[in-house]
There are 2 protein chains.
Amino acid sequence: MEDLETRELRYFVAVAEELHFGRAAVRLGIAQPPLSRAIGRLERRLGVRLLDRNRRGVALTDAGRVLLREARAALDAVAAAARRTRRAGDPKRPLVLASKAGASHELLQRLLDALASEPGAAPVEVLLCEVGEQARLLRDGRADVALMHRPFDDLAGFDTEDLCVEGQVAILPAGHPLASRDQLTLADVRDVPDLPIARWPRLDGSYPDGPGPEVHTQSQLAQLVALGRTLLVIPASSRAWQWPEHVAVPVVDAPNVTTVIAWPPSSHSPAVASLVRSAARLRDTAPPSPAGPRTTRLRTAIAQKD
Amino acid sequence: MEDLETRELRYFVAVAEELHFGRAAVRLGIAQPPLSRAIGRLERRLGVRLLDRNRRGVALTDAGRVLLREARAALDAVAAAARRTRRAGDPKRPLVLASKAGASHELLQRLLDALASEPGAAPVEVLLCEVGEQARLLRDGRADVALMHRPFDDLAGFDTEDLCVEGQVAILPAGHPLASRDQLTLADVRDVPDLPIARWPRLDGSYPDGPGPEVHTQSQLAQLVALGRTLLVIPASSRAWQWPEHVAVPVVDAPNVTTVIAWPPSSHSPAVASLVRSAARLRDTAPPSPAGPRTTRLRTAIAQKD
DNA sequence: ACCTACTGATACCTGCCGGGTATCACAGCC
DNA sequence: GGCTGTGATACCCGGCAGGTATCAGTAGGT
């Protein structure tokens with residue numbers, strides 16, 4: 001019943017992701033036989049079958065799926081331990097704040113300004129990342145704190161503080177008929193035949209079925225909109241998407257999006273606590289649009305550049 | 001930069017807790033020299049000094065304190081991975097529900113009754129534990145779901161759903177003057193000279209200073225109250241404490257206590273989700289105290305399956 | 001049916017590293 | 001100064017991780 005080693009977990013994750021011992025071994029930089037042995041020993045020690053080795057390839061069992069999820073979390077925790085310890089030893093470590101590239105730009109700007117003007121605040125390093133990447137950065141210790149968006153991002157396992165609430169806009173190619181409307185509903189933008197919703201890859205890299213184009217970066221998507229191939233519904237403050245060729249139209253019945261500041265619950269760092277306090281103070285004293293209370297709806301119709 | 005092994009983390013935690021290489025080695029069942037080497041290698045790999053080896057013993061550095069906290073979390077995550085995987089392989093595994101012994105007894109009773117009468121529900125095993133133990137049981141995979149109490153328990157890192165809100169009562173020895181009152185305030189019960197508040201051990205086993213008796217189990221404390229040596233302020237539904245020699249008097253200005261059902265955010269198990277749904281349904285249909293203030297927030301955000 | 005290609009499992013060897021014993025170096029303390 | 005107790009160092013040994021070579025089963029092409 002002695003507990004698992006991280007090496008075994010890494011090996012299992014590699015095999016479970018590749019579903020192929022040979023490729024997994026290459027990825028791990030070892031030969032295939034030791035990998036087979038390690039997985040076999042893991043199954044023996046856990047007393048559970050993790051993989052179905054059928055004809056031509058490998059499939060995960062139910063227990064294997066559980067271990068894949070748990071092992072990823074455990075490996076993240078181990079990596080976070082190493083990273084946070086290294087950074088704790090660095091006397092003038094900056095705090096790392098992760099934010100989705102292009103999202104909540106004004107909020108981030110004001111937050112950084114406020115921190116810069118505060119005398120005792122620790123320096124902050126900003127890490128701009130792709131959609132959904134913040135959670136992993138927080139979990140494995142590469143970031144100390146992150147700006148995330150409810151209900152889009154998975155906030156499970158983090159402590160959070162709401163910062164602001166805003167509506168959503170549809171981003172359309174400028175020439176499209178819908179672009180001339182001054183407001184839309186979800187029904188209007190759902191199933192527009194010539195503007196199918198784009199598809200993002202799943203964790204395993206595969207794409208869901210559907211008519212829309214396949215994308216994996218924000219720039220791709222923004223360009224596809226400009227080309228008149230798809231449309232988006234995003235929070236009003238997202239800036240990276242909005243090209244001159246785009247038109248933003250408020251979607252009145254889309255669910256509101258809350259920008260939150262999130263941090264790992266294990267964090268007892270005073271620097272993180274003080275950053276969160278600064279962010280909350282910012283929210284309470286300087287609402288982004290005048291006359292708004294804490295939950296200001298910033299539905300400012302985005303000015304079309306020129 | 002290759003990542004840490006769980007063995008190294010276990011070794012470090014042992015040393016950090018014992019603050020003594022020899023004793024830590026005994027606890028780990030190895031000799032002292034390999035332990036020194038392992039810690040030394042860990043420090044070299046992390047590039048950080050973890051321990052101050054001064055004259056006569058060892059002290060943690062700041063980085064060491066960070067690693068101690070992170071390593072415990074990581075080891076829990078690894079242990080949870082093993083436990084949950086084993087249980088996933090067991091076809092007729094019961095769900096494990098952890099609850100503080102003696103707390104929320106009626107709620108627990110009704111929950112179990114409701115589950116027993118539900119046709120498709122998985123069997124539930126109840127794990128009664130000491131104060132504050134639920135969080136660790138959830139974190140390291142020994143429990144799937146737990147009843148916890150805000151603001152007493154640390155809910156950081158778990159998903160929760162509120163179940164009920166209740167006031168608090170003071171538990172007094174029957175003969176005491178205060179016991180004849182029909183209600184009290186916090187000012188009444190604070191600093192009663194002959195009934196000082198009891199002291200619980202900290203994580204490291206030491207006790208805070210103060211006049212009250214030292215306790216580490218609920219039964220001890222209940223008996224001390226019966227003996228007229230201390231008093232308690234606890235949620236009204238806590239039953240384990242209430243002996244015939246006790247009198248419970250409502251404390252009108254004590255903060256309300258919310259009983260919540262909590263589960264690890266990684267849990268995508270449909271069995272856990274259905275149990276939480278049952279608990280929420282129970283709350284919404286059969287309030288524990290008629291006309292009592294209760295929260296009817298149904299925020300079913302349970303992730304469904306993998 | 002054959003052969004072939006490709007899969008993961010097995011056999012066996014080797015070198016490294018984790019763990020053991022013996023000892024050292026250093027500090028406090030009678 | 002010796003004594004005691006600490007962690008570090010030196011050195012040896014055995015087990016296990018990792019390598020190569022090979023086997024074994026299955027799908028597919030002919």
Side-chain angles (χ1 to χ4, degrees), chain A residues 1-61 63-65 67-68 71 75 78 82, chain B residues 1-61 63-65 67-68 71 75 78 82:
Chain A
M1 189 69 88
E2 74 282 0
D3 53 18
L4 313 178
E5 288 299 325
T6 63
R7 185 171 10 84
E8 309 182 272
L9 294 179
R10 267 184 298 128
Y11 286 7
F12 175 75
V13 169
V15 174
E17 286 179 353
E18 299 282 350
L19 292 178
H20 190 289
F21 279 74
R23 281 193 298 273
V26 171
R27 198 173 104 183
L28 292 166
I30 65 172
Q32 170 260 321
L35 182 55
S36 285
R37 259 192 316 170
I39 301 296
R41 185 179 45 236
L42 192 59
E43 289 181 315
R44 237 182 319 108
R45 288 219 306 225
L46 291 172
V48 170
R49 199 128 195 88
L50 299 170
L51 298 167
D52 278 330
R53 288 89 150 165
N54 298 6
R55 56 339 178 328
R56 223 72 170 179
V58 182
L60 283 170
T61 63
R65 265 182 292 275
L67 183 58
L68 178 57
L75 290 174
V78 171
Chain B
M1 189 67 92
E2 74 283 358
D3 54 16
L4 313 179
E5 288 297 325
T6 65
R7 186 174 6 88
E8 308 181 271
L9 294 179
R10 266 183 298 133
Y11 286 5
F12 174 75
V13 169
V15 174
E17 286 180 352
E18 300 283 347
L19 292 177
H20 191 288
F21 279 73
R23 283 194 297 275
V26 170
R27 198 173 105 181
L28 293 166
I30 65 172
Q32 170 259 320
L35 182 56
S36 285
R37 256 192 317 170
I39 301 294
R41 185 179 47 234
L42 192 59
E43 288 180 316
R44 236 181 321 108
R45 287 221 302 226
L46 290 173
V48 170
R49 198 127 193 88
L50 300 170
L51 299 168
D52 279 330
R53 287 91 151 164
N54 298 6
R55 68 288 170 28
R56 226 69 169 179
V58 183
L60 283 170
T61 64
R65 265 182 292 277
L67 183 58
L68 177 57
L75 290 174
V78 171

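Predicted model, so just to flag it, every value in this text is computed and none were measured. Quick note on labels: first sequence line is chain A, next is B, and so on, each numbered from 1.
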Open item on the list: Which residues pass the salt bridge (Lys or Arg N to Asp or Glu O under 4.0 Å) test with A:Glu18, not counting sequence neighbours?
Closed with: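 Expected list: A:Arg23, A:Arg27.
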TODO: Not counting sequence neighbours, which residues clear salt bridge (Lys or Arg N to Asp or Glu O under 4.0 Å) with A:Arg7? List them please.
DONE: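 A:Arg7: no salt bridge (Lys or Arg N to Asp or Glu O under 4.0 Å) contacts found.
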- [ ] Applying side chain to side chain contact (heavy atoms under 4.5 Å, CB included), name anything that partners B:Ala82, two or more places apart in sequence or on another chain.
- [x]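 B:Ala82 satisfies side chain to side chain contact (heavy atoms under 4.5 Å, CB included) with A:Leu4, A:Leu46, B:Arg86 only.
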Task: N/O (side chain, B:Arg53) to phosphate O (OP1/OP2, C:dC26) under 4.0 Å - done: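 Looking at the OP1 and OP2 atoms of C:dC26, neither is under 4.0 Å from any side-chain N or O of B:Arg53.
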Open item on the list: Quick check on contacts: within residues 14-30 of chain B, what sits under 4.0 Å from DNA chain D by heavy-atom distance?
Closed with: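 By residue number: B:His20, B:Phe21, B:Gly22.
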Open item on the list: For nucleotides 9-15 of chain D, give me one character per nucleotide, 5' to 3': B if any protein heavy atom sits under 4.0 Å from the base, S if the only such contacts are to the sugar-phosphate, - if neither.
Closed with: B------
Just how far, in rounded Å, is [atom2] of [N] from [atom1] of [X]?
X	N	atom1	atom2	result
B:Leu50	D:dG7	CG	C1'	15 Å
B:Glu5	C:dG19	CD	P	12 Å
B:Leu51	D:dA8	CG	C1'	14 Å
B:Leu35	D:dA8	CG	P	9 Å
A:Tyr11	C:dG8	OH	P	17 Å
B:Arg41	C:dG19	CZ	P	8 Å

Sub-4.5 Å side-chain heavy-atom contact between [X] and [Y]:
X	Y	result
B:Phe21	B:Ile39	yes
A:Leu50	A:Val15	no
A:Leu68	A:Val13	yes
A:Leu9	B:Thr6	no

Task: By side-chain hydrogen bond (donor to acceptor under 3.5 Å, both in side chains) - contacts of B:Ser36 (at least two apart) - done: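 B:Ser36: side-chain hydrogen bond (donor to acceptor under 3.5 Å, both in side chains) contacts with B:Gln32.
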Open item on the list: I'd like to check the side-chain hydrogen bond (donor to acceptor under 3.5 Å, both in side chains) partners of A:Arg41; sequence neighbours left out, ordered by chain and number.
Closed with: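 By the side-chain hydrogen bond (donor to acceptor under 3.5 Å, both in side chains) rule, A:Arg41 matches no residue at all.
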TODO: When you get a sec, tell me which of D:dG18, C:dT21, C:dG18 is the closest nucleotide to the side chain of B:Ala31?
DONE: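 Ranking D:dG18, C:dT21, C:dG18 by closest atom to the B:Ala31 side chain puts C:dT21 first.
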